[in-house]
Amino acid sequence: MVPRLATVTMDVTRPWLDGLTQSQSLAVTHEGGPLLVLAGPGSGKTRVITRRICHRIAQGVPAWHILALTFTNKAAREMKARVDSLVDEGVPGRRGLVVSTFHSFSAGLLRRYGAESPAAALGGTALRPDFTIFDSDDSHSALKRAMKEIGLERSQWPVAGIASAISEAKNRLLTAADYTESTRDFRERVIAKVYVHYERSLVRQNALDFDDLLLRCARMLRNDPAVRTELQRRFTEVLVDEYQDTNHAQFTVAHAIACEHKTICVVGDPDQSIYAWRGADISNILEFEEHYPGATVIALGENFRSTGHIVALADALIRHNTQRRHKDLSTNLGEGIRPRFARLSEEIAEAKHVVAELERSRDLGVPWKEMAILYRMNALSRNLEDALRQKAIPYVIARGTAFFDRREVRDTLAYLRTIANPLDDTALARIVNVPHRGIGATSMEKLHSLATTRLCSLAEAMAGAHTCGIAKRTVKSIDGLLTVIARFRSELAVKPASNLGAFVARLVAEAGLERAAAALGSDDEDAEDRRANVQEVANAAAQYELPELSPDSPDATLGDALRGFLESVALVADADAIDPERGAVTLMSLHASKGLEYDTVAIVGIEEGLLPHTRAARSPAGLEEERRLLFVGITRCKRALHLTAAASRAMQGLRMSTIASTFLRELPPAHLDELAEEHRIEYDEAPGRRAHPFVVGMTVRSAQFGIGRVESLEGRRALLVRFRTAGVRTLYPEFAKLEIIAPA
DNA sequence: GTCGCGCCTTCGAGC
DNA sequence: AAGGCGCGAC
């Protein structure tokens, strides 16, 4: 091709090509055909995607032809903002880029095309565009009800097991009918029966669960040539981030759109695949070249994030996995400081050790927002929070869903869902007695069976409550609730979208939701918190902005705004809660840390049973995924890495001795300082910092054990006391009443 | 019939 | 540590 002058002069004004390595640049500018970027940790993966988008736009591909799929809303927002800042205002076709998560992209397609497409229908019932999205809690309730209808013994058939079997089937794109056909044994036939009922229940309620969003969308794209062609026309370029974590349904969505033009670019790292348990199919990335013959593969191994010891440590660890495709990892950021491992006596000492290490980083000038504490289980955050609070260090927990999991918040949202979708029995059943209006379990059973016999919704059954032997007084409260709901529902079609905040605030007031929330509180402070949470839902609704509508659609109504708000709430991810501007230490699960980076990182609880987790380590594949999880954690760190374990830990209410994690033996001592007893940041024996006045040799009296002598101090909080009659006991003076009888 | 308390079990990562 | 269940009180 003849070099065009324009290209040469434009180089100067192409900020998106600045500072790229040769391989990155190849990936950004690659043309013609499918591209797989195997990107090791810190190798500039996000950079490649955003800059590739900019490059394509500059090359004349209008932004509205480009679709980028990510795993979190936060990643989507950031990517879009980055592209916006890199592409000049003057560039034609720079607007209209779609960056979205798989789930919200699917929800959008289903609302737009689902009603018209027979392929999106289930069991002969067309999908309605105003469907509700059930979160796992809602699907759990619907599932339990389905199991009850069949009469399954709950003790023999744990809900969680059935739920995951159905979820797995959905990820394989099997509807209840498909699954029923494929059953091979008794267990699967029982699950199939539940699945059939559960599917029917969701259809009746005009609701989709998370898996349905992908399943229905994938089936629609696969089986409906009209919709597929329209999307292929719309999106001529597809990019997928974190490709190693896509499941079969997600693969189908991306593939259906990309298979026509084959201008697909996927980016991922098999060594960071940590979601096999929710259906992620690592063969999507390993077999990309089979799905797309002639694909170009570019490996990015150079790490621009972490210093040498950290990269070496991660590399040594991941080499223990057998199911992988090796790639060399390297960094030129120098050796850096050696990561440190410390085993502390118990989890409180561990938390304090971690906090002290963070304080050392802070003393070097590292801001709090550049620090993170990672753990395998969310339950481990508690002691860390306590330790941070004690030192008045600001912190945030990356649990985007935490707020929406609060009971009073869920109740408020259930009101909104009932108003938005009259068929949503699950939401209605939740709020029937919020605030208390004397409708109990017995009445609800009657209403449910009325709904079942009449084949109608719970709401319709409630309208006929007087016919099924429910007490007069109760019928009256039911009617009162139905009236409130109907009154609010009548506003949806006639008022404009801008009214949402006021609408929710009025509902909260008129339905008495603050009072109901306060009644849940264990004390005054808790009651006030819950009241505030309900108000916060109204605030969030007021701040909600509908995504821009297509130009030809009429003005958005209050109903559109409400449904959009509920959808945005249903699809929040934990990672969405991370706000780097908050200036706080971030606490999160190892899973949630994927894709993030911090100067200082502490990973706690590196113990057998916790990391690797007992439930995962039963299979070799599970153990390898646990190893990848630690690999992901280690590679989040730019400079100062701290690994910790506790010698004893209280779990499930019991204190147990722990065993060192298998993974520790796989970390070479050359790249890991194991802090010896005397070098640990030790609180236990620090003079003057004991939590009690006792010293060795004192004579003490306990109400329970009588008189004894202090034998030794066990850490900062505990004593070993030899009693005259009761033998040697470990006591915590903060709990056990002990008085000093004689000094040492 | 509804409500509140205490006992019992169970305990992973998340869109 | 938190939710599900059964029992007794109103």
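All chains are named by letter (A, B, ...) in the order of the sequence lines, taking the proteins before the strands, and each is independently numbered beginning at 1.
- The pair Asp425(A)-Arg145(A) does not count as a salt bridge, with every side-chain nitrogen at least 4.0 angstrom from each carboxylate oxygen.
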Show me the donor-acceptor pairs within less than 3.5 Å that the side chains of residues 610-623 of chain A make with the rest of the protein, sequence neighbours left out.
residue   : atom : partner   : partner atom : Å
His613(A) : ND1  : Arg615(A) : N            : 3.1
Thr614(A) : OG1  : Gly609(A) : O            : 3.0
Ser619(A) : OG   : Gly622(A) : N            : 2.9

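- Contact annotation: Ser589(A) reaches the phosphate of dG14(B) (side-chain N/O to OP1 or OP2, under 4.0 Å).
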Using distance only, find each side-chain donor-acceptor pair of residues 213-222 of chain A under 3.5 Å and give its atom names and separation, not counting sequence neighbours.
residue   : atom : partner   : partner atom : Å
Arg216(A) : NH1  : Ala120(A) : O            : 2.5
Arg219(A) : NH1  : Leu173(A) : O            : 3.0
Arg219(A) : NH1  : Asp178(A) : OD2          : 3.0

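- Using a 4.0 Å cutoff on non-hydrogen atoms, the parts of residues 611-619 of chain A near DNA chain B are His613(A), Arg615(A), Ala616(A), ordered by number.
- In terms of phosphate contacts, Asn378(A) brings no side-chain nitrogen or oxygen within less than 4.0 Å of OP1 or OP2 of dG12(B).
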Atom pairs under 3.5 Å, N or O on each side, protein against nucleotides 2-9 of chain C: can you list them with distances?
none

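- One interatomic measurement links the two molecules: CD1 of Ile274(A) to P of dG14(B), which rounds to 9 Å at whole-angstrom precision.
- In this structure, Phe134(A) has its ring center no closer than 6.0 Å to that of His140(A).
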What's the verdict on side-chain contact (heavy atoms from CB on, under 4.5 Å) for Ile348(A) and Asp386(A), showing C-alpha distance, side-chain angles and the deciding distance? CA-CA 9 Å; Ile348(A) 295 176; Asp386(A) 288 345; over 6 Å; no
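- In this structure, Glu625(A) places its CD atom 9 Å from C1' of dA13(B), rounding to the nearest Å.
- Taking atom CG of residue Leu630(A) and atom C1' of nucleotide dG12(B), one finds them 16 Å apart after rounding to whole Å.
- dG14(B) atom C1' lies 8 Å from atom NE2 of His591(A), rounded to whole Å.
- Both thresholds, 5.5 Å between centres and 30° between ring planes, are not jointly met by Tyr275(A) relative to the base of dA13(B), so the two rings are not stacked.
- For the atom pair Phe102(A) CZ and Phe251(A) CZ, the distance stands at 10.5 Å (nearest 0.5 Å).
- Counting heavy atoms of neighbouring residues, nucleotides and ligands inside a 6.0 Å radius, atom CZ of Arg382(A) does not exceed 12 of them.
- Look at CZ on Phe404(A): it is 16 Å from C1' on dG14(B), rounded to the nearest Å.
- At the heavy-atom level, Asp211(A) lies nowhere under 4.0 Å from the strands shown.
- When the P atom of dC15(B) is taken as reference, atom CG of Asn73(A) falls 9 Å away, rounded to whole Å.
- Each of Thr452(A), Leu450(A), Thr426(A), Leu428(A) was evaluated against Leu458(A); a single residue qualifies, Leu428(A), per the side chain to side chain contact (heavy atoms under 4.5 Å, CB included) test.
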Where protein sits on nucleotides 1-10 of chain B, one letter per nucleotide: B base, S sugar-phosphate only, - none, heavy atoms under 4.0 Å: SSSS------
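- A salt bridge does not link Lys45(A) to Asp269(A): none of the charged side-chain nitrogens sits closer than 4.0 Å to a carboxylate oxygen.
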Donor-acceptor pairs under 3.5 angstrom involving side-chain atoms of residues 563-572 of chain A: please list them, not counting sequence neighbours.
residue   : atom : partner   : partner atom : Å
Glu567(A) : OE1  : Arg111(A) : NE           : 2.8
Glu567(A) : OE1  : Arg111(A) : NH2          : 2.7
Ser568(A) : OG   : Phe565(A) : O            : 2.8

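- In this structure, Asp241(A) places its CG atom 15 Å from P of dC15(B), rounding to the nearest Å.
- Glu626(A) comes within 4.0 angstrom of a base, heavy atoms only.
- Look at Glu445(A) and Lys148(A) and you find a salt bridge, because one of the NZ, NE, NH1 or NH2 atoms lies within 4.0 Å of a carboxylate O, short of that distance.
- Whole-Å rounding puts the Lys74(A) NZ to dC15(B) P distance at 12 Å.
- A 6.0 Å sphere centred on CD of Glu666(A) holds more than 12 heavy atoms belonging to other residues, nucleotides or ligands.
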